[in-house]
Structure formats: structure tokens, C-alpha cells
Amino acid sequence: MLWSKLFIPTLRENPAEAEVVSHQLLLRAGYIRQLAAGIYSYLFLAQRSLLKITKIVREEMDAIGAQEMLLPALHPAELWRESGRYEIMGDNLFRLKDRFGRELCLGMTEEEVMTSIARGEMRSYKQLPQIWYQIQSKFRDEPRPKSGLLRVRQFIMKDAYSFDIDAAGLDVSYDKHYEAYCKIFDRCGLKYMVVEAHSGAMGGSQSHEFMVASDAGEDYVVRCSKCDYAANLEKAAAHPSAPLADDPEGDRSPEEFHTPGQKTIDDLSKFTKLPATSQIKSLVLMADGKPVLALVRGDHSLSETKFSSAVKAVEFRPAHPEEIVKLFGAEAGSLGPVGVKNMRVIADEALRGRRNMIAGANKDDHHLRHVTPDEDFNPEYFDLRQVAAGDACLKCGGAIELIKAVEIGHIFKLGYRYSESMGLRVLNEAGEEIKVIMGSYGIGVERILSAAIELYHDKDGMALPAAVAPFDVVVTPVNYSDAAQRSAAEEIYQSCLKLGLDAIFDDRDERPGVKFKDADLVGIPHRITLGKKLTTGMVEVVDRRTKASEDVDKEYAAAFVAAKIEPR
RNA sequence: CGGGGCGUGGCUCAGCCUGGUAGAGCGCCUGGUUCGGGACCAGGAGGCCGGUGGUUCGAAUCCACUCGCCCCGACCA
């Protein structure tokens, strides 16, 4: 293609609205333009990259026997009511009405539609297993779209669904996806981690996320510095750090003391001269309308995910101040577990075996010292605590680190959630009706591009892996009005095409600086530059990432570049 | 939804406090000189100052409302 004929609107300066690097570069390099908050147009360059990514995705999905389909994005609300997600998804689901007042919604994932197809046609175990997938736009009414293409309201997802006869079959389908995902992300040139994940609103048992470390990410990955343990923060477990002060010895009874105006853990640490690790933090939550008192060590934070699985709540929220006063007779700064009878009391494992700690007295401006779990109150123990950096790995004791990351893929064992609610059953060998077991598997296509940019960029722009770059190579005559350069460049460009390279010919009558800057910004992995050395038959081949330049005979330049690009 | 910031040619921004002719750099167009890392000279085009209402002789500027975008939080397969 001829650069002079293409629409590649590069910008010299970063648009003011872009904060994260991938967003800035996608705009500057002319890949995307914004239409509204969280809604973007993908221009020529972005579309080329995305097509390369989806091609890789297709090849690897097809390789595990998955069948590509294309389902509607517009769904009848009725279908979502069947699975129960019409209510669960709340405002995140785009909802609309047609001219007759029928309720519709835009798909955020397509378990319902896939399940409805399956239940209409599947009759026998002999038809299973099946893996169906599509690459299609998804819609989510995000409360806060952000970071360019990282969190948007319309995006392209590869979503796959597996249908199996039993749990062993699901394991096979799940493992196939696990491996296919690794191949996809490897081929896209990404550095990524696979972490244990929480299955969240999707339901189901096992789940893994594919994460790319990046400060632009919104998730935290907990990783052991020694072994291979890695998990999403929501799910991660670890040994807590030791308390900073030993518990006082002895079999003491709770003793009230006056703590005027001391409300936070911090206040109390200063006031009592005891570290936060000697305190019990008391949190009141309303879980499905019922109050629960959750206790964690003073320096720990409650993991909301772990809390909700511990109490098996569909919905929960922090209690309102009025509710707290009504239930405890005291305000939030002075709450504690001693004497609490009117609600469930759950405690984090880190409190088990501790003695003589500080807790609120359920009386404003008063606290208790010498509070001992299992003596002064009897909680149910759970892992409730959010893991923190510096904790010790459960597997090997190594130090835990926290890494910010972008989620690019997620695989779930759904189990029977949809087949049960929507009635997907087949007959087994014995002629008995059995539920089909399902899995679902997603990849965020734009996130692969964004993550690649976050991973590979420098001050001049993108340094994309060839697999996802819009072009493999750009042929750049330094002076286009020089007839010798022009014709030699044309020849090299044609040779590149013959070798199957995705080549672009920068035939613009621009100064060399402009052409070099644009090529760097756009992130084309290789550049063949024709300049003064052409008089001796030599051209330069420049590597975008390393900026290393090699002189090559013009006859071999195309083959030289082709050899550098991995076969695909 | 709570908190903060910002809306002025295509892009980055100044002007607003203290009301009176709408500006700069880059980009764009024409001509010329140039040609190895975003050239130079000359000429030129391009702006309902986000919108509505108000105050005023007069509003980009002051006031009210409103819309949009970004960031933090809440939220989130």
C-alpha cells in the first residue's frame, strides 16, 4: 500500500483527554478516534491490527475443534430473565424497547443465546461435546469507561462456550481452552500471567484469568516471588505477616476504657500505643438484608469477594450509620464483637488464637482491652482478608507481591448454572435425562492490542510485535524526488509483497524526519531505508524496537526482513 | 452516584480574575528554496469561544441552569 493514499492521521502532540500510554499512542498514531465516552471508532490501522489478532484467535480456536458462529447482539429480555441475569446485571446491561414496547437488551456475553440454541437442538449425549464460539461486539453500560480501549462500553470479544456430558468432559474442554489461550497470547507476542480467579457473577467453580502486568491495569495479581503461585487479589490467600507486638499474656477479662474522639484504627494505635495488629477491626455489612459483623485484624482489609462467598450472599452492602446505631447502640468508631447476640459474627483466620486484643465496646467513645476470640466471643472463622504485599505464600512461604494487571482473557467452568435455569438436557447412554455441563471462555480483542502497546512502547511510539502490528515493514526512500531512490524503493516494495510481507511504501514527498517519526509512532517493526548508500547498492534495515540498523544489499533487503519475521 | 478538573480553528494551549477588535505554536492550502530524525521564506484559508437563559449600552470573560469529556472513588465476567 502507498502511504500517500492512506488515511493515517498522526498527531504531533498527545490529546489532552488521554492519560494512559496505550490511549495516547492509539490516538496519536491515528489508530482510533473517540465517538463518545467509552465508544471508539477503529480506523484503518487499528482495524488491520485487530484483524491480525482475530486471525490468530480463529486459528487457535479452530485448532481445538471449536466452531465459529455469529449470534445476534440484540437479545429479548425474556431470555435473560430465564437465567436470572436480567436482574443480576443491573445497570451494566444496556436495555431498550422496540416499537411495540417489547423489552430487549444488548449482549454483554452470550451464555443465554448459546444455551437457547443448544437446548433447542441437543437431544443426545452423542452430540456432545461441543465448543462454539464467535468474535462479536459486546455491550456494557460501564459506570466509568476509562483508559482508552481498556474499559469501554462497546468492544470486540471472542466468546466461546463448551457443552459436555459430565465434569470430566468439562475438564477436557477447559484444558483445551487454557492451552489455546496460551498459544494465542504467545503468538501475539505478549508477556502474560495465568492466575487463579474468582468466578464472580458468572457462576461456576474453577476459573483462570490471563493477565498482562501493567500500571494501566485495573486488577491486582498476587504472585509469589519464589514459586509459581499466582492469583487475582479477589481470590488470593496467603499467610499474614506476624503481629507487630506480642499479645499480653494471661487469662484476662475485657476491660472498658475511655477513648474520647478515637474512631479510626490509626487514632487508637496512637492513643493506646499499640500497633494496628493488636486491634480487632469490626465491620458491619448487610447481607441479603441481614446484618453481619465481620472481624479482621486492625491492619487488614476485608475482601468483599471473600465475604460474599463466606456468607453466601447474593447482595451485600456496608450498613448505614442509622442501622449501626440501632443494632449496636453505638457509632461505627466504637464497635466490637463482645456481647453481640443479634447477628452473625464472622472472623478472619488471622484472629484465631490471638489473645487480649483491643476492640470497640459498643458504647460511644469507649473501647475494650483484653478481648480474646473464642473466650469473650465466638465467631465463625473464614478467610476474609485481602492479601497484602509482604505476606507469605501458602505453598512455599515466599514473599507475596502485588502487581497491577490488565485482564486479556478469562476462562470459567460454569457448571450447570445455565443448563439448569434454562433447561438444557440430553439423554445419556442409559436413556436418562441429564443436565449438560458448560464452560465459557472470553478474550478481549482490543485489550490484546492495548496491552501490547502498554508492554512495548518508547518515547517515539509503539514498538509492536510483528504479529499484531498493522504492517510488517515500511519501505522509506529518504528523498522521494530522487528518481533512483524512488525506483529502487518500488522494486524492494514489490519484492516484499512477493515474499508475503505486509509492506507499506512511504511514497510521500515529505522530509525524511517526518517519515521516520511516523513509522516509529505507528509501530511498524521493520524499516527499509534508501538513502545515500544506494549509490553503492546498499540500503538500511532498521529494527523498530532496538533501533539497530544494518546495511544490506538492496537485492536482499526484502528477504532479509522476511527472515526476521516469524513464520505464521 | 460522590469528589475533582476541563470545554476557545484539526491538535496543544493563551485570553477569563479586572466585560469593549478572538490570539499563539503546530497542522492545512498556494508559490518558492530545501531533503538522513517532525525544514525555511512569502502569501492564505479556517473559530455558533459546548449549549440555553440572565445581568449589561456591550459577554469567550460575570451569574444560573444544562450538556459533554477526563481523573479519583463507588461499581465491574
Side-chain angles (χ1 to χ4, degrees), chain A residues 9-20 23-24 27-28 30 33-40 83 85 88-93 107-111 138-148 150-153 155 157-161 197-204 207-210 216-219 232 234-235 304-305 315-318 407-414 417-418 439-444 447 459-461 476-482 485-486 506 508-521 527 529-534 539-540 542 547 549:
Chain A
T10 57
L11 266 22
R12 287 195 185 216
E13 286 170 284
N14 277 326
E17 75 258 22
E19 204 129 310
V20 306
H23 189 196
Q24 292 175 340
L27 288 167
R28 269 194 68 199
R33 287 295 182 261
Q34 185 179 43
L35 187 61
I39 306 177
Y40 288 86
S83 69
R85 290 210 301 175
I88 291 174
M89 286 309 176
D91 290 337
N92 262 34
L93 186 64
M108 27 200 320
T109 60
E110 308 240 338
E111 280 79 0
K138 298 289 181 291
F139 299 86
R140 295 183 189 188
D141 196 357
E142 291 287 345
R144 186 147 97 80
K146 57 183 284 204
S147 309
L150 285 175
R151 179 160 295 273
V152 288
R153 295 194 289 171
F155 60 99
M157 176 188 268
K158 187 289 299 177
D159 48 320
Y161 306 86
H198 181 73
S199 13
M202 303 298 298
S207 162
H208 283 92
E209 285 170 332
F210 295 75
E218 295 183 88
D219 287 288
N232 190 303
E234 289 185 339
K235 162 108 182 172
E304 298 192 352
T305 314
E315 223 178 3
F316 68 94
R317 59 170 173 83
E407 177 189 349
I408 51 173
H410 200 159
I411 57 179
F412 295 89
K413 288 184 183 173
L414 290 175
R417 186 187 186 310
Y418 295 89
S440 90
Y441 315 88
I443 287 179
R447 280 188 178 180
K459 62 171 176 41
D460 292 317
T476 308
V478 163
N479 185 348
Y480 192 68
S481 46
D482 179 313
Q485 281 186 23
R486 195 168 58 214
D506 196 345
R508 293 176 297 169
D509 191 11
E510 287 284 355
R511 293 174 63 82
V514 171
K515 293 189 270 197
F516 295 158
K517 289 284 182 193
D518 272 347
D520 286 354
L521 181 59
R527 189 180 78 219
T529 308
L530 296 90
K532 292 198 180 77
K533 291 174 205 151
L534 187 65
V539 299
E540 284 169 35
V542 184
K547 299 281 173 74
S549 167

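Just so we're on the same page: letters track the sequence lines, and every chain starts at 1. Any value given below was found using the heavy atoms of this structure, including those in side chains, with hydrogens, waters and symmetry copies removed. Only a predicted model underlies this, so the values are computations on that prediction, with no experimental measurement involved.
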**Study point:** Spacing of the P atoms in B:G9 and B:C13 (rounded, Å)
**Key:** 12 Å
Determine the contact category for [X]: base if any of its heavy atoms lies under 4.0 Å from a base atom, sugar-phosphate if only primed atoms, P, OP1 or OP2 are that close, otherwise nothing.
X	result
A:Thr305	nothing
A:Gly531	base
A:Ala36	sugar-phosphate
A:Glu142	nothing
A:Pro477	nothing

Suppose we define a pair by two distances each less than 3.5 Å, Watson-Crick or G-U wobble; what does [N] pair with here?
N	value
B:C1	B:G73
B:G68	B:C6
B:A14	none
B:G43	B:C29
B:A60	none

Exercise for review: Mark up nucleotides 37-44 of chain B, 5' to 3', with B wherever a protein heavy atom is under 4.0 angstrom from a base atom, S wherever such an atom reaches only the sugar-phosphate, and - elsewhere.
Suggested key: BBB-----
Side chain of [X] (C-beta onward), nearest among [options]:
X	options	value
A:Ser481	B:C69, B:C35, B:C76	B:C35
A:Gln34	B:C69, B:C35, B:C11	B:C69
A:Glu304	B:C75, B:C72, B:C70	B:C75
A:Lys146	B:U12, B:C72, B:C35	B:C72
A:Glu540	B:G36, B:C13, B:C76	B:G36
A:Ala37	B:C70, B:G36, B:U12	B:C70
A:Pro15	B:C11, B:C71, B:C13	B:C11

**Study point:** Assigned glycosidic conformation for B:U55 [threshold 90° from 0]
**Key:**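 Anti for B:U55; the angle lies over 90° from 0.
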Exercise for review: Answer whether the closest heavy-atom distance between the side chains of A:Asp159 and A:Met108 falls below 4.5 Å.
Suggested key: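 Result no, sub-4.5 Å side-chain heavy-atom pair not found.
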Review point. What do the steps show when you test A:Glu218 against A:Lys146 for salt bridge (Lys or Arg N to Asp or Glu O under 4.0 Å), and what is the final call?
Key: CA-CA 10 Å; A:Glu218 295 183 88; A:Lys146 57 183 284 204; 3.7 Å; yes
Practice item. Would you kindly check whether a donor in the side chain of A:Arg151 faces an acceptor in the base of B:C76, or vice versa, at under 3.5 angstrom? Key: yes
Exercise for review: Take A:Lys138 and A:Glu17, find for each the nucleotide of RNA chain B with the closest heavy atom, and name the residue whose nucleotide sits nearer the 5' end.
Suggested key: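 It is A:Glu17, whose closest nucleotide lies nearer the 5' terminus.
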